[in-house]
Amino acid sequence: MDTALADRLAAVDERIRDAARSAHRDVADITRIVVTKFHPAALVADLHALGVRDVGENRQQELTAKRAELDGIPDVRWHFIGQVQTNKARAVRAAADAVHSVDRARLADALDGAEGDGVLDVLLQVNLTDDAGRGGVAPDGVEDLAAHVAHLSTLRLRGVMAVAPLDEAPARAFERLRRSSDAVRAVVPDARWISAGMTGDFPEAIAMGATHLRIGSAITGPRPPRD
Ligand SMILES: *Cc1c(COP(=O)(O)O)cnc(C)c1O
């Protein structure tokens with residue numbers, strides 16, 4: 001086992017506790033998802049041995065393959081955090097326990113299962129940039145999309161997700177995400193998850209009220225090049 005991995009995980013968890021304390025929040029209300037994209041399945045197994053139960057992936061084929069490779073590993077929750085092509089929605093649904101990146105009604109419809117399927121946790125990804133080409137629904141479309149998803153019987157709307165833009169202070173961008181969270185909760189009151197905060201900005205996300213952090217390189221080390 002890689003002791004550096006254990007050390008990095010412990011250091012991040014300590015920073016999470018510090019940020020929660022500063023924000024007068026209970027750290028038990030914060031789920032730390034370790035983003036393992038581009039790393040081999042063996043890294044997920046190592047993280048699992050260190051107590052990690054929530055992992056994040058952003059490509060469907062990689063998620064599906066890792067989940068199959070680690071079949072039998074107990075209690076891992078796989079969070080899908082990448083863009084979903086509509087024609088991959090069924091495969092994402094089959095491999096993910098939660099999908100953070102629902103950003104259009106057509107995708108929600110494609111993710112919705114058949115009668116008798118279980119319920120899939122989903123979050124609405126909000127675009128905090130001015131670039132409509134980026135992933136995510138525009139903030140002014142959040143309420144309508146929430147209402148649409150709320151009517152799909154095999155999806156459970158849990159909250160919102162976003163990536164802070166590179167050209168703005170994360171705390172300011174996260175305030176907009178908090179308003180989107182309020183808009184979703186006006187439609188589905190218990191959709192309280194706020195998925196925000198990466199290696200570079202998770203303390204600011206905790207201060208804003210994030211419930212789910214998506215932390216990659218600070219824990220895993222640098223990502224291998226994409227193949
Ligand atoms: C890769 C990724 C992360 C993690 O990024 P780090 O900066 O390595 O912590 C978080 N969220 C999304 C959507 C990602 O694609």
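Both ligands and their constituent atoms are indexed starting at 1 by order of listing.
When each atom of ligand 1 is checked for a heavy atom of Ile81 under 4.0 Å away, the hits are 11 (N), 12 (C), 13 (C), 14 (C). Residue Thr199 approaches ligand 1 through these ligand atoms, each under 4.0 Å from one of its heavy atoms: 6 (P), 7 (O), 8 (O), 9 (O). Taking every non-hydrogen atom of Ile215 and a distance limit under 4.0 Å, the qualifying atoms of ligand 1 come out as 9 (O).
Any N or O atom pair closer than 3.5 Å counts here, and Gly216 shares at least one such pair with ligand 1.
Nearest approach of Trp193 to Ala98, heavy atoms of both residues: CZ3-CB, 4.4 Å. For Val102 against Leu145, the heavy-atom pair with the smallest separation is O-CD2, 4.1 Å.
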Taking it one step at a time, do His79 and Asp54 satisfy side-chain hydrogen bond (donor to acceptor under 3.5 Å, both in side chains)? CA-CA 7 Å; His79 297 259; Asp54 289 273; 2.7 Å; yes

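The environment of CG in Asp130 is sparse: at most 12 heavy-atom neighbours from other residues, nucleotides or ligands sit within 6.0 Å.
Ranking the protein heavy atoms by distance from atom 5 (O) of ligand 1 puts Met198 CE, 3.5 Å first.
Put simply, Leu43 and Leu9 are part of the same group of oily side chains (I, L, V, M, F, W, Y) that touch within less than 4.5 Å, one to the next.
Atom 15 (O) of ligand 1 has its nearest heavy-atom neighbour, among Gln83, Lys37, Arg214, in Lys37.
Residue contact annotation: His100 has no non-hydrogen atom under 4.0 Å from ligand 1.
Side-chain contact between Leu124 and Met161 is absent, with no heavy atoms from C-beta onward closer than 4.5 Å.
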